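First up is the structure itself, then whatever we jot down about it.
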Amino acid sequence: MEQKKIVVITGATRGIGRNMALFFAERGYSVIGTGRDSEKLKEVKTELEKISADHSMFLMDVTNSDEVKQTVRKVMQDYSGIDVWINNAGAFKAIGPTWEVKEEDWVNDVTTNLFGTFYCVQAVVPAMLEQGFGRMINLVGGGTIGAFKYGNGYGTSKTSIARFTENLCEELEDTPIKVFALDPGLNDTDMTRYQRDTEDGQRYLSGIEDLFKQNIDVPPYQAPQHAYFMAEGKLDEYAGRVVTVYDDLEMLQNKAEGTSDHEFFKLRLKK
């Protein structure tokens with residue numbers, strides 16, 4: 001029997017991370033989910049076990065580098081390796097003018113999103129290099145390719161992840177490791193409900209609710225589907241580039257085959 005591929009998804013207890021966990025399990029992967037809420041981890045594992053066996057959940061805070069390293073060591077011990085690592089865990093609490101938001105909220109957003117991704121890279125890439133294979137998908141988001149007024153911490157950290165991914169991809173160009181940046185689009189999650197329901201969100205990000213009314217949000221399977229294509233080697237030309245779920249998958253494949261522009265889908269300054 002063919003051995004299952006292993007995918008590790010950070011922030012797998014809710015929203016996009018949970019959707020990805022279920023999507024990959026349905027396609028034959030063994031899913032390793034991480035998160036900070038033990039009860040929610042149990043709930044997701046129960047859902048996964050209705051699909052298939054051999055899934056695991058780990059209590060892990062991406063902002064704690066020791067916990068990240070311990071989790072990677074444990075996964076490498078318990079499984080054959082790590083085929084795919086998805087840096088999904090994120091935070092967005094600092095809403096409002098940059099000089100007025102709570103310092104701890106802004107710092108937490110940047111720490112979770114950017115430093116959390118960095119800590120995972122430091123722990124996972126050496127393991128992937130040693131095993132001789134692996135793919136990493138870093139989630140970017142709102143503010144990556146344009147201004148995000150009143151969401152400065154989130155937008156700044158997500159833009160940083162896009163450049164971080166491009167730099168990392170170039171550092172790994174002579175290795176079999178592939179690294180991608182994925183914008184999951186507008187999803188109906190706890191994070192976007194926080195933006196719509198809180199006083200600060202309603203005051204400063206009122207346009208988010210309008211986007212939902214205009215059906216700009218994407219269905220739950222869309223971000224997982226794009227991540228799956230990356231995991232399966234169907235979008236390798238986009239390693240180090242920023243892909244959004246609003247890009248049609250067939251169009252992405254055709255564009256990559258027909259272009260001589262090596263800087264397409266990258267962050268660049270226009271003059």
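Keep in mind that this is a model prediction, so the values were computed, not measured.
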Counting only heavy atoms not in [X] (residues, nucleotides, ligands), do more than 12 fall under 6.0 Å from its [atom1]?
X	atom1	result
Y194	OH	yes
E130	CD	no
L249	CG	yes

Got a second to check how far [X]'s [atom1] is from [Y]'s [atom2], nearest 0.5 Å?
X	Y	atom1	atom2	value
T34	M60	OG1	CE	3.5 Å
T192	D217	OG1	CG	8.0 Å
Y119	T63	OH	OG1	7.5 Å
I177	M128	CD1	CE	6.5 Å
S160	F115	OG	CZ	9.5 Å
I32	T10	CD1	OG1	13.0 Å

Contact check, side chains of [X] and [Y], non-hydrogen atoms, under 4.5 Å:
X	Y	result
K5	E232	yes
D236	R135	yes
V7	M20	no
V218	Y246	yes
Y154	M191	yes
N87	L139	no
S80	Q3	yes

Sole residue of L205, I95, D105 in side-chain contact (heavy atoms from CB on, under 4.5 Å) with D200 |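 Answer after filtering L205, I95, D105: I95.
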
Where do D37 and T13 land on the side-chain hydrogen bond (donor to acceptor under 3.5 Å, both in side chains) test, with the steps shown first?
-> CA-CA 7 Å; D37 188 322; T13 57; over 6 Å; no

Only one of Y29, Y221, W85 forms a ring-ring contact (aromatic ring centres under 6.0 Å, His included) with F24, so which one is it?
->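 One option only clears the test, and that one is Y29.
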
Does the side chain of D54 pick up a donor-acceptor pair with the side chain of S30 at under 3.5 Å?
->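 Yes, side-chain donor-acceptor contact under 3.5 Å.
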
Answer yes if the side chains of N138 and T117 hold a donor-acceptor pair under 3.5 Å, and no otherwise.
->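 Short answer, no.
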
Taking the six-membered ring of F23, is the NZ or CZ of R27 close enough (under 6.0 Å from the centre) and on axis enough (within 45°)?
->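 Yes, a cation-pi geometry holds between R27 and F23.
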
Please answer whether the main-chain N or O of [Y] pairs with a side-chain N or O of [X] as donor and acceptor at a distance below 3.5 Å.
X	Y	result
K178	I137	no
Q222	V245	yes
D83	I6	yes
H226	D247	yes
R18	V44	no
N88	G11	yes
N187	P220	no
H55	K45	no

Could you list the residues that satisfy salt bridge (Lys or Arg N to Asp or Glu O under 4.0 Å) with D190, not counting sequence neighbours?
->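 For D190, the residues satisfying salt bridge (Lys or Arg N to Asp or Glu O under 4.0 Å) (neighbours in sequence not counted) are R14, R193.
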
Residues forming a salt bridge (Lys or Arg N to Asp or Glu O under 4.0 Å) with R203, sequence neighbours excluded |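 None.
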
Please report the C-alpha distance between R36 and E67 in whole Å, then the side-chain angles of each, then the deciding distance to 0.1 Å, and finally whether the salt bridge (Lys or Arg N to Asp or Glu O under 4.0 Å) criterion is met.
-> CA-CA 11 Å; R36 297 180 298 177; E67 288 186 13; over 6 Å; no

Do S56 and K74 pass the side-chain contact (heavy atoms from CB on, under 4.5 Å) test, and can you show the C-alpha distance, the side-chain angles, and the key distance before you say yes or no?
-> CA-CA 11 Å; S56 299; K74 182 63 174 171; over 6 Å; no

Given the rule in the salt bridge (Lys or Arg N to Asp or Glu O under 4.0 Å) test, do K50 and E47 qualify, once you have shown the distances and angles that lead to the verdict?
-> CA-CA 5 Å; K50 292 177 182 177; E47 290 184 273; over 6 Å; no

Quick check, are the ring centers of F229 and Y238 under 6.0 angstrom apart?
->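 No - the distance between ring centres of F229 and Y238 does not fall below the 6.0 Å cut-off.
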
